[in-house]
Amino acid sequence: MDDMTIMDKLGILSDAAKYDVACTSSGVERRGNGRDMGNCLSAGICHSFSADGRCISLLKILFTNECIFDCKYCVNRRSNDVPRATFTPEEVCELTMQFYRRNYIEGLFLSSGIIRSPDFTMELIYRTLFLLRRKHRFNGYVHVKAIPGADARLIQMTGFLADRMSVNLELPTAEGLRALAPNKHRKNILTPMRQIQNGIAENRDEIVLYRNAPRFVGAGQSTQMIIGATPESDYQIMSVAESLYQKFELKRVFYSAFVNVNEESTLPALPGGPPLLREHRLYQADWLLRFYGFQAGELLDEKRPYFNVMLDPKADWAVRHLEQFPVEINRASYEMILRVPGIGVKSAQRIVKARRMGSLDFQALRKIGVVLKRALYFITCNGQMMYRTRMQEDYIVRNLTEESGREKLSFGQDGMTYRQMSLFDDFHFDSEPTVVDRNQAVFGQL
């Protein structure tokens, strides 16, 4: 490891980070101050799209893929024979600043395996952020992982340097964790999650009293669950997510379709590949919990514990509750309009605002942004449906599934819905770029 170059380490540790999907929008507003390097406008991060439509990125790496644990689902587990590497705090700072100056990134996402002990690893992460913020004056977005089992003071000090922190729940239930990650314990995971929540609340009060008080995890915290490695139902998963939002005030729960990277008899074989469509439906249901006023118990229950993969969860709920439809668009409450398939949050807000000026018809709804090919089964305008439609579940489901069957999901050939962006993504090469090519690109020599 001592003779590895920083680019060798980057190749290993950026690839090792691709299974961590808990990268989120910053949710903070911190403009350039004329003294420090960079800014942190309220926008999306990690190869995502911001609220204003910009596609932006960050450097997503592990500090180390060394690990003292032997989790059965993890490619970096102790017993695996994989190339290992560990950055120094100075190397992470150098990469971040070099990439930022060349406009490759707008921030840093830093996770890590556990090297030596949780305290030792957390201290390395803290030192990295301290150097980045204080020595290099980096003012951009930083998202780091809080290491379960680490000293609370280390997590607190790191929280004052980070914009967002996350603690991976790993698996939805404590039983699943015991089966596949016997070295990890649910209590150790929830403890730093609670600490971060309390720290954010206390800091919020301090900022009210002292305007210049330092921010503690200003963009909140998130977590990630692996889906499909253990036998939990969609109902159990959504109930856990709902509980996390309510009890820990998380900004996001991420769902990562299980990818079988180890030859392990206790793991599911997944002959059809990773459960990507299931992951997709869970994300859609998660939005219903956060923005549409749904509860997990409305979407699923113990008698019907799984989503219909052929229908999005909102449409699935609607066809099972046809007694509440059709909705008269000119009189229905905002909350009920939100429950109509084909109407999103912005469209619902526009409808409520526009109907103050006069009665809306289907042409007006189309201009507002309503997806009428989905909504037409569930709404009326001035007492009239768009077409003569039978309010029968089988009929509506048949028409909706014909449409959803053409839904295009951006899954990679390797079964991943996400990937680490390459510096060469925007070009078409006849052959793979060499190590020299990559080094020249990183240091601005191309």
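For Phe160, the ring-ring contact (aromatic ring centres under 6.0 Å, His included) partners are Phe216, not counting sequence neighbours. Phe307 pairs by the ring-ring contact (aromatic ring centres under 6.0 Å, His included) definition with nothing, not counting sequence neighbours. Residues passing the ring-ring contact (aromatic ring centres under 6.0 Å, His included) test with His321 are Trp317, sequence neighbours excluded.
Side-chain atoms of Tyr73 and Glu170 form a donor-acceptor pair, as typed in the model, at a separation below 3.5 Å. Between the side chains of Asn168 and Thr223, not a single donor N or O lies within less than 3.5 Å of an accepting N or O. A donor atom on one side chain and an acceptor atom on the other are found under 3.5 Å apart for Asn262 and Asn80. Judged by distance alone, the side chains of Glu66 and Thr86 never bring a donor and an acceptor atom under 3.5 Å apart. Side chains of Thr380 and Glu328: a donor-acceptor N/O pair is present below 3.5 angstrom, by distance only.
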Quiz prompt | Chi angles and distances behind the ring-ring contact (aromatic ring centres under 6.0 Å, His included) call for Phe138, Tyr100 | solution = CA-CA 9 Å; Phe138 182 69; Tyr100 190 91; 5.3 Å; yes

Quiz item: Would Asp286 and Arg281 satisfy salt bridge (Lys or Arg N to Asp or Glu O under 4.0 Å), going step by step from the backbone distance to the final call?
Solution: CA-CA 9 Å; Asp286 187 89; Arg281 296 304 182 210; over 6 Å; no

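Heavy atoms only, all atoms of each residue included: Glu242 and Gln295 are closest at OE2-CA, 3.3 Å. The shortest heavy-atom contact between Gly159 and Met165 is CA-SD, 3.6 Å. The minimum heavy-atom distance linking Arg339 with Lys314 is given by the pair C-CE, 3.5 Å.
When atom types are taken as modelled, the side chain of Gln195 and the backbone of Ala152 share a donor-acceptor pair closer than 3.5 angstrom. Remark: the backbone N or O of Lys184 is not paired with any side-chain donor or acceptor of Asn188 at under 3.5 angstrom.
Remark: Ser222 OG to Arg252 CZ distance equals 8.5 Å, nearest 0.5 Å.
Within the 4.5 Å cutoff, no side-chain heavy atoms of Val142 are placed close to those of Leu110.
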